[in-house]
Amino acid sequence: MIAAGVVVSGMMLSPPALAADLPVKAKPVPLYNWTGWYGGVNAGYGWQDKSAAYTGDYFADPVTGLGGGAGTVFTDSLAISSLQASEEAAVNHPAYRQSLRASGFTGGGQFGYNWQIDRNWVTGFEADLQYADAKGSALFEAPETPGVRLSAASSHQLDWFGTLRGRIGYLITDRFLAFGTGGLAYGGTKAQATISIIGPMGWNVDTGFATRIICPGFTTCLAGSSSQTSVGWTAGGGLEYAVLPNVTIKAEYLHIDLGDQNVKLTVQSPATGNGFVNVKFSNAYDIVRMGMNFRF
């Protein structure tokens, strides 16, 4: 009887003792949720490698039937002296192109909204406004030869820009987002250009042409500038990581294209005449930047 009691007592005490030896199951860590509003700041670098295209005032005068303008004579000469064209330029009238690299700092702020539509996908929108100091210039001087010696100078800069974009991203992990983005872009740009004679010999282009330019030596013959606000498009992508429940950091690339900017070069005193040259600039830039967002 005593032995049976001991056995029964042992059986009654065994279940709690065994349960104490089992491992405690950890509570699952909640997944990060991207849904909500956010705002933040960013800083980066912008650049473009384009060319300024100089074209002359080539046309036939409807009254006299004379072909070609004096401005075309200047651009033909630039194309030939820069080795972009042969002597046939006087017939074909190709554009003289000047390579132009503009670059510099960009920085600003953004705000937007994310919507996590399932475990792996996030969509939303973002708007930003940026200061920019991306600028560059180019100068060509014809080699020293007998006769008229020309030079051409151009410059372009991006002063500011903004975007309004949609975003869609894939969650590599619950905190690490790879995204693509695209939409509307707008911004302010400046451009200017000149054509000068840098030797002592002047140039009188007047007889037999629809327009004329009479320019002495060592003179800026034609010049012009333009400031404009343009609207275009943007596209890009990036990576974003949630470092804290309400803080994310991101790296992003954007291409913005604000179309072309045209500058008309007109005759500058003491030069005289009514000839002109048109210069076309590209308002397309590439942007790389880092940013930080704060969720609220």
Side-chain angles (χ1 to χ4, degrees), residues 26-48 102-136 156-190 227-259 283-296:
K27 293 183 179 179
V29 177
L31 295 176
Y32 188 86
N33 191 304
W34 288 77
T35 298
W37 291 94
Y38 64 87
V41 294
N42 68 79
Y45 179 80
W47 74 96
Q48 69 157 224
S103 60
F105 171 81
T106 71
Q110 70 274 346
F111 75 93
Y113 185 84
N114 285 324
W115 179 36
Q116 186 165 344
I117 53 180
D118 65 16
R119 184 184 180 93
N120 294 111
W121 292 95
V122 176
T123 187
F125 75 90
E126 183 172 291
D128 66 279
L129 187 62
Q130 309 291 132
Y131 164 80
D133 188 30
K135 55 189 176 182
H156 188 270
Q157 68 185 72
L158 176 66
D159 289 331
W160 62 274
F161 71 94
T163 70
L164 177 59
R165 296 171 282 112
R167 299 205 321 165
I168 185 165
Y170 180 80
L171 289 168
I172 301 171
T173 70
D174 66 313
R175 288 176 173 263
F176 191 25
L177 178 68
F179 64 88
T181 183
L184 177 75
Y186 54 95
T189 54
K190 294 177 182 176
S227 298
Q228 70 181 45
T229 299
S230 307
V231 177
W233 60 273
T234 181
L239 300 170
E240 189 166 1
Y241 184 74
V243 294
L244 294 171
N246 64 335
V247 179
T248 67
I249 57 174
K250 68 174 182 176
E252 186 174 45
Y253 162 79
L254 289 177
H255 176 80
I256 64 170
D257 192 330
L258 304 176
N283 287 337
Y285 278 80
D286 295 293
I287 312 292
V288 291
R289 60 190 184 185
M290 298 290 294
M292 178 177 290
N293 287 323
F294 303 90
R295 299 181 60 190
F296 49 85

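Owing to the predicted nature of the structure, the values given are computational and were not obtained by experimental measurement. Residue indices begin at 1 and follow the sequence shown.
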Ring centroid separation W34 to Y32 under 6.0 Å:
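Yes.
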Ring centers of W37, F296 separated by less than 6.0 Å:
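No - the distance between ring centres of W37 and F296 does not fall below the 6.0 Å cut-off.
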In terms of side-chain geometry, is the basic nitrogen of K135 or D159 positioned less than 4.0 Å from the acidic oxygen of its partner?
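No, K135 and D159 are not salt-bridged.
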Do Y285 and W47 pass the ring pair (Phe, Tyr, Trp, His ring centres under 6.0 Å) test, and can you show the C-alpha distance, the side-chain angles, and the key distance before you say yes or no?
CA-CA 6 Å; Y285 278 80; W47 74 96; 9.1 Å; no
Quick one: side chains of residues 228-239, donor-acceptor pairs under 3.5 Å with protein atoms, not counting sequence neighbours, listed by atom name and distance.
unit_1, atom_1, unit_2, atom_2, d
Q228, NE2, S230, OG, 2.7
T234, OG1, H255, O, 2.9

Side-chain donor-acceptor contact under 3.5 Å, [X] with [Y]:
X    : Y    : result
T173 : R175 : no
Q130 : N42  : yes
Y45  : S103 : yes
T181 : R167 : no
N114 : R295 : no

Apply the side chain to side chain donor-acceptor pair (under 3.5 Å) test between N293 and each candidate in E126, K250, E240; give the one that qualifies.
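Testing each of E126, K250, E240 against N293, the sole residue satisfying side chain to side chain donor-acceptor pair (under 3.5 Å) is E240.
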Look at the aromatic rings of Y113 and F125 and report parallel, tilted or perpendicular, splitting at 30° and 60°.
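It falls in the parallel class, under 30°.
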